[in-house]
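Here is the structure we will look at, set down as structure tokens.
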Amino acid sequence: MKSTDTNFFEDVYQVVRLIPKGRATSYGLIAEYLGSKGSARMVGWAMNQAHAMPDVPAHRVVNRNGLLTGKNHFQTPTQMQELLESEGISIKNDQIMNFESIIWSPKIELL
DNA sequence: GACATGACGGCAG
DNA sequence: CCTGCCGCCATGT
């Protein structure tokens, strides 16, 4: 066991798994919810390892602009958009349309 | 041990 | 409005 438990990553995966279908959240919101407010990069890093975790819909996690910044890390660059559109989320130019309406804040929804 | 990078975010110019 | 820089924590070289 290292000083830095993977608890942080586990928490990230836990929250991501709670994201309801047809919704999306941002790295910053997750980071803030976990208490590491401002360290959205860590959430992104966790997502990088998310591929090793089952049932982790990383495609529902986008940046605060609703832009699919991590699409390039999926099996295929189009996988993320395909999955989101399959859930009823409209995407235009790699960006979620009406993102503010589908955004899912753990600190609010899970409150 | 130090430097550079990364699926981000906020603030300053 | 758009561009650029810094801060955040962890990992890799």
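All heavy atoms count here, side chains included; hydrogens, waters and symmetry mates do not. Residue numbers start from 1 in every chain, and the chains themselves are labelled A, B, ... in the order their sequence lines are given, proteins ahead of strands.
Within 4.0 Å (heavy atoms only), A:Ser26 reaches sugar-phosphate atoms of the nucleic acid but no base atom. Residue contacts shown for A:Ala58 include a base, since a base heavy atom lies under 4.0 Å away. Across all strands shown, A:Asn63 has heavy atoms under 4.0 Å from sugar-phosphate atoms exclusively, and none from any base.
Here the P atom of nucleotide B:dA7 and the CE atom of A:Met80 are 12 Å apart, to the nearest Å. Distance A:Tyr27 OH to B:dG6 P: 15 Å, rounded to the nearest Å. Straight-line distance from the CD1 atom of A:Ile19 to the C1' atom of B:dA7: 13 Å, rounded to whole Å. Taking atom CG on A:Leu67 and atom P on B:dG9, their separation rounds to 10 Å, with Å as the unit. Put simply, CH2 on A:Trp45 is 8 Å from P on B:dG6, counting in whole angstrom units. What separates NE2 of A:His73 from P of B:dT5 is a distance of 15 Å, to the nearest Å. The distance between atom CG of A:Leu34 and atom P of B:dG9, rounded to the nearest whole Å, is 14 Å. A straight line from CE of A:Met47 to C1' of B:dT5 spans 19 Å, rounded to a whole angstrom.
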(Q) Between A:Met47 and A:Val12, does the side chain to side chain contact (heavy atoms under 4.5 Å, CB included) criterion hold? Intermediate values first, please. (A) CA-CA 8 Å; A:Met47 291 289 94; A:Val12 174; 3.5 Å; yes
Mind listing the N/O atom pairs, protein and nucleotides 10-13 of chain B, below 3.5 Å?
none

Between N or O atoms, less than 3.5 Å apart, protein on one side and nucleotides 4-8 of chain C on the other: list the pairs.
residue: C:dG7; atom: O6; partner: A:Arg41; partner atom: NH1; Å: 2.4
residue: C:dG7; atom: O6; partner: A:Arg41; partner atom: NH2; Å: 2.9
residue: C:dG7; atom: N1; partner: A:Arg41; partner atom: NH1; Å: 3.0
residue: C:dC8; atom: N3; partner: A:Arg41; partner atom: NH1; Å: 3.1

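Connection of A:Leu29 to A:Leu110 is not established within any shared hydrophobic cluster, with ILVMFWY side chains joined at heavy-atom distances below 4.5 Å, either directly or through further cluster members.
A:Tyr27 places a side-chain N or O within 3.5 Å of a backbone atom of A:Val61 that can act as its donor or acceptor partner. A donor-acceptor distance shorter than 3.5 angstrom exists from the side chain of A:Arg60 to the backbone of A:Ile19, with no hydrogens or angles considered. Counting only distance, with no hydrogens or angles, the side chain of A:Asn93 and the backbone of A:Gln95 share no donor-acceptor pair below 3.5 Å.
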Listing, residues 97-109 of chain A side-chain donor-acceptor contacts under 3.5 Å, not counting sequence neighbours, or none:
residue: A:Asn98; atom: OD1; partner: A:Ser101; partner atom: OG; Å: 2.7
residue: A:Asn98; atom: ND2; partner: A:Ser101; partner atom: OG; Å: 3.3
residue: A:Lys107; atom: NZ; partner: A:Glu32; partner atom: OE2; Å: 2.7

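Residues that satisfy the side-chain contact (heavy atoms from CB on, under 4.5 Å) test with A:Gln79, not counting sequence neighbours, are A:Phe74, A:Gln75, A:Thr76, A:Leu83. A:Asp94 meets the side-chain hydrogen bond (donor to acceptor under 3.5 Å, both in side chains) test with A:Lys71; sequence neighbours excluded.
Distance check on atom P: B:dA4 versus C:dC5 gives 15 Å, rounded to whole Å.
For residues 46-59 of chain A, the set of pairs meeting the side-chain hydrogen bond (donor to acceptor under 3.5 Å, both in side chains) definition, not counting sequence neighbours, comprises A:His59-A:Glu87.
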